[in-house]
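Worksheet for the structure shown next.
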Amino acid sequence: MAYTPKTPARHRTRSETKTPLTGASVNVFNNSPTKHSKAGAGDTTNPFITSGPSRPGSPIKRTTGGSIAVSKSLRRQASAGVIRKGGVESRLDVVTRDYVPPPPKSETKRSRSQPARDTRDRFITTRETPVDEVAATLDLMSLNPQTSSPGHTARLAAATGVPINKRILAYHEPPPPSASDALLSQQRELVRPLYARPGELPTSNGATSNKARKIPTQPERVLDAPGIVDDFYLNLVHWSSLNILAVALEGATYVWKADSGEVVQLGEAPEGCYVSSVNFSQDGLYLGIGLSNGAVELWDVEAQQKLRTMAGHSAQVASLSWSQHILSSGCSDGSIWHHDVRVAKHKVGELIGHQGEVCGLAWREDGELLASGGNDNVVNVWDGRIGDVAPGTRTAAKWVKRNHTAAVKAVAWCPWQSSLLATGGGTNDATVHVWNTTTGSRLHSLTTPSQVTSIQWSPHRKEFLTTHGFPTNAVMVHAYPSMERVCEIRDAHDARVLWSAIGPAGDIVCTGAGDENLKFWKIWDIPKVKKSKQAKESGRGSTSSSILGIR
């Protein structure tokens, strides 16, 4: 019968029958032949017992083995499968401590092209060495290259003239101020264009592109405005069609009549409030005054009497604009209210489209569109049709423009092309965009040297004026549609120019700034027309002549 070998199991079970460790097997482990080796020659079941003669044992083991007496306790331990200390393994050199590898060095991996950064001090390279010892060693070095062979440090110290054992950084006298040093002032003027923003003139004088036309760089008249609030978001100056200028000085509102030079105070804001905006009606008979507490006052300019107070806003009213009997107000919470001054319930509309303060607001002359600019860098163009107000009503803007990157305060409609709207951004933007409100497209863009605070279109020329804040504090005139700079009056004020208003004749522009001054500039000329009886009866002449006449 053929014997079929069985495949051994992967995990063998331990036999319960214990095979005692006999003397013969011990001698086999010790490699010493005994008389029992012949008897076990035919045993093939034990793989540790060979049929031939045992090979000679290792000389090392032969010197140490073979003389161990097998005691009963040793046999008992061997039968249990464990040989305890004192048995056969007691003579081996057992290592009692495991090898513990050293901790890895934490080194910052750097690219081969970047050398390791030296963290030592540039002036004190080794802080462990006393400074006195280092100074004494350096004193021994000869700094005279003619008598010895100096090193690199000695040659460098001799070339610079700095003692090697002295402090490198020391206090010196401050440089002379620019006012006392003419050469330094000249050098600063030469390098100033390198730090100017694009579109800025290299000098502070007005310049024109047309030699036949010269715009004066000095104001026609200067008025004091003590206490005017230096705030970019407010609108504190406006010029009416009746040649009357309104100016808000903290909590008081004043009107200045350009024809006679008379100054009249209309009223004062409630205690703890200040005036945040002023705006005349289209006929010039009424003045709207926005307050910091959210109220809007309506004044009769001729009678110098307050007609009503329209409350309801939750924060200051920074912008106002009239369209016939509708007075629109922009609030700091981003809302725009329409007030009908003829009815008791004055609120007839609300526009929600800004996330920041509404600081620019302007109705088009025909009353069909309303443009608004906010502190959220958004320009909205609204439909002028006003509907009923209902709770929860939301009105969407006709056009929403997000091209500006700063607050939009300067908003102005073109008087000779009603579809053109010009907007200007704040410090981080300093850009003027011209929009076509019919198609919603952007026609032109102009980068200016600094923040744009106001825009005024010329009624007689295809030009517009912009006022700017820090650092130029300038008044600039640009041609349209070429967008070329016609004139720049830099440092027009000692502070940033925040407000502007154009006279009814279209030739004089009034600017206001944080330096508490109002300046009147002769920017444009009135086109010459033939004299007629109607012109004489109207009595509407040049604003500049009126200003010059009241001096």
Side-chain angles (χ1 to χ4, degrees), residues 235 241 279 281-282 319-330 334-338 348-355 358-374 376-387 393-426 429-448 452 454-466 477-484 486 500 502 506 524:
N235 294 271
S241 59
N279 195 267
S281 60
Q282 293 174 331
S319 57
L320 293 172
S321 183
W322 282 84
S323 177
Q324 297 181 2
H325 56 274
I326 299 297
L327 176 59
S328 299
S329 58
S335 64
I336 301 173
W337 284 16
H338 295 314
V348 295
E350 181 178 4
L351 307 178
I352 305 296
H354 288 280
Q355 301 297 326
V358 181
C359 50
L361 198 63
W363 275 98
R364 200 165 72 174
E365 188 175 1
D366 56 7
E368 293 185 0
L369 294 177
L370 172 68
S372 63
D376 53 357
N377 313 341
V378 176
V379 176
N380 288 327
V381 179
W382 308 87
D383 194 335
R385 292 173 294 183
I386 302 172
T393 302
R394 291 292 182 269
T395 304
K398 181 179 180 180
W399 303 110
V400 179
K401 303 300 178 182
R402 306 180 185 274
N403 300 77
H404 289 286
T405 57
V408 182
K409 176 191 175 185
V411 178
W413 292 95
C414 180
W416 34 265
Q417 188 171 347
S418 59
S419 61
L420 294 183
L421 173 68
T423 59
D429 183 69
T431 305
V432 176
H433 295 310
V434 180
W435 310 91
N436 185 340
T437 55
T438 303
T439 61
S441 61
R442 182 177 55 174
L443 301 179
H444 306 279
S445 294
L446 174 66
T447 302
T448 64
V452 183
S454 66
I455 300 176
Q456 300 292 339
W457 288 89
S458 171
H460 309 301
R461 285 179 174 265
K462 289 189 176 182
E463 295 176 352
F464 63 91
L465 175 142
T466 57
V477 181
H478 313 273
Y480 185 86
S482 64
M483 308 299 286
E484 295 180 357
V486 177
S500 68
I502 187 171
W524 296 290

Taking the side chain as everything from C-beta on, heavy atoms only, tell me whether K401 gets closer than 4.5 Å to N380.
no
Locate the shortest heavy-atom distance separating A406 from N377; write the atom from each residue and the value.
C-OD1, 2.8 Å
Chi angles and distances behind the side-chain contact (heavy atoms from CB on, under 4.5 Å) call for E365, S418
CA-CA 8 Å; E365 188 175 1; S418 59; over 6 Å; no
Are H338 and W382 an aromatic pair, judged by ring center distance below 6.0 Å?
no
S445 and H433: CA distance, side-chain angles, deciding distance, side-chain hydrogen bond (donor to acceptor under 3.5 Å, both in side chains) verdict
CA-CA 5 Å; S445 294; H433 295 310; 2.7 Å; yes
Could you go step by step and tell me if R442 and V434 meet the side-chain contact (heavy atoms from CB on, under 4.5 Å) rule?
CA-CA 6 Å; R442 182 177 55 174; V434 180; over 6 Å; no
Pairwise side-chain contact, N235 with N279, heavy-atom cut-off 4.5 Å (strictly under)
no
Quick one: does K409's side chain get under 4.5 Å of V411's, heavy atoms only?
no
Which atoms form the tightest heavy-atom contact between A479 and V486, and what is the distance?
N-CG2, 3.7 Å
Considering all heavy atoms of both residues, which atom of W413 and which atom of A362 are nearest to each other, and what is their separation?
NE1-O, 3.0 Å
Please state whether the rings of H444 and Y480 are parallel, tilted or perpendicular, taking 30° and 60° as the class boundaries.
perpendicular
W322 to L327 - nearest heavy-atom pair and separation
NE1-CD1, 3.3 Å
Is it true that, when you exclude Q324 itself, more than 12 heavy atoms of the residues, nucleotides or ligands shown sit nearer than 6.0 Å to its CD?
no
Checking side-chain hydrogen bond (donor to acceptor under 3.5 Å, both in side chains) for the pair S500/Q456: CA distance, chi angles, key distance, verdict?
CA-CA 8 Å; S500 68; Q456 300 292 339; 3.3 Å; yes
Can you tell if the side chain of S329 reaches within under 4.5 Å of the side chain of I336, non-hydrogen atoms only?
no
Between V432 and T466, what is the shortest heavy-atom contact and its length?
CG2-CG2, 4.2 Å
Any side-chain heavy atom of W416 sitting closer than 4.5 Å to one from P459?
no
Do the non-hydrogen side-chain atoms of V378 and V408 ever get within less than 4.5 Å of each other?
no
Between the main-chain N or O of E463 and the side-chain N or O of S458, is there a donor-acceptor pair closer than 3.5 Å?
no
Check whether the side chains of W363 and S328 place a donor and an acceptor atom closer than 3.5 Å, and report yes or no.
yes
Decide yes or no on side-chain contact (heavy atoms from CB on, under 4.5 Å) for L465 and W524, but give the supporting numbers first.
CA-CA 10 Å; L465 175 142; W524 296 290; 3.8 Å; yes
If we ignore angles and hydrogens, is there a donor and acceptor under 3.5 Å between the side chains of D429 and H404?
yes
Closest heavy-atom contact between S335 and V358?
O-CG2, 4.1 Å
